[in-house]
Amino acid sequence: MKYITTFALALVFTASVALAGEKPVEGKIVCGKCTAKIKGAGCSAAITYKGKDGKEVSYLLSGKLVKGKGCEGISHGTICKPGSSVAATVTGKVVDGKFNATKIVAKKKK
């Protein structure tokens, strides 16, 4: 019974994410100014990933998971150096030119 409930909850969550237009993307959390070089962006968290056409796409992160200059579980000090990044899977959607993140899961280094 426990497994059926867990499966049902996972199915409902997946359906709610799909209906909301949100999608998970795998990419890197970087500094919007230092690494992503987003025009007009100050030092703040950004997501960089490969788009449908294979080109690299960068968006500033927004939403309640963004904490000051960093974001959920990732301090700005770890991403604010040119070339530094944290691999992550981010779920959300692009709203007003920013990636509104609803879930951020940083990948652990092996």
Side-chain angles (χ1 to χ4, degrees):
M1 183 68 177
K2 180 177 161 183
Y3 296 108
I4 294 172
T5 304
T6 303
F7 178 73
L9 288 173
L11 188 61
V12 168
F13 175 74
T14 303
S16 68
V17 169
L19 291 175
E22 296 181 350
K23 63 178 182 172
V25 295
E26 290 191 24
K28 296 178 181 179
I29 306 291
V30 299
C31 178
K33 178 182 177 185
C34 302
T35 304
K37 307 235 186 279
I38 296 173
K39 196 172 199 171
C43 274
S44 56
I47 176 82
T48 300
Y49 62 95
K50 294 213 184 271
K52 291 180 182 178
D53 58 358
K55 292 182 181 178
E56 199 166 89
V57 180
S58 298
Y59 291 105
L60 287 176
L61 287 173
S62 66
K64 64 182 181 179
L65 299 179
V66 177
K67 313 278 189 213
K69 293 181 178 183
C71 60
E72 184 78 8
I74 302 170
S75 68
H76 189 68
T78 59
I79 59 173
C80 189
K81 297 176 191 92
S84 63
S85 64
V86 174
T89 301
V90 181
T91 303
K93 61 183 175 179
V94 176
V95 178
D96 295 331
K98 293 184 179 182
F99 198 95
N100 189 3
T102 55
K103 183 177 180 184
I104 299 172
V105 179
K107 294 185 180 181
K108 297 185 181 190
K109 291 183 180 180
K110 294 180 182 182

Honestly curious: do Ile29 and Val94 fall in one hydrophobic cluster under the side-chain, below-4.5 Å linking rule? yes
Donor-acceptor contact present, side-chain Lys37 to main-chain Cys34, <3.5 Å: yes
Going from CG on Asp96 to OG on Ser62, what distance comes out if it is rounded to the nearest 0.5 angstrom? 8.5 Å
Decide whether Val25 and Val30 are clustered together by the hydrophobic rule: side chain heavy atoms of Ile, Leu, Val, Met, Phe, Trp, Tyr closer than 4.5 Å, transitively. no
Shortest non-hydrogen contact from Ala88 toward Ala106: CB-CA, 3.9 Å
Interatomic distance, OG@Ser58 vs NZ@Lys28, rounded to 0.5 Å, equals 11.0 Å
Which atom of Val90 lies closest to which atom of Ala101, heavy atoms considered: CG1-CB, 3.7 Å
Going hydrophobic residue to hydrophobic residue with side-chain gaps under 4.5 angstrom, can you get from Ile74 over to Leu65? yes
Does a side-chain heavy-atom distance below 4.5 Å link Cys80 with Lys69? no
Got a second to check how far His76's NE2 is from Ser44's OG, nearest 0.5 Å? 7.0 Å
Of Thr102, Asn100, Thr91, which is the lone residue that meets side-chain hydrogen bond (donor to acceptor under 3.5 Å, both in side chains) with Glu22? Thr102
Can you check whether Lys67 reaches Glu72 side chain to side chain, under 4.5 Å on heavy atoms? yes
Option passing side chain to side chain contact (heavy atoms under 4.5 Å, CB included) with Phe99 (candidates Leu60, Ile47, Val57): Ile47
Say whether Ile79 and Ile38 are linked into one hydrophobic cluster, either directly or through other cluster members, by side-chain heavy-atom distances under 4.5 angstrom. no
Donor-acceptor contact present, side-chain Thr89 to main-chain Val105, <3.5 Å: no
Gap between atom CD of Glu56 and atom NZ of Lys50 - 0.5 Å precision: 6.0 Å
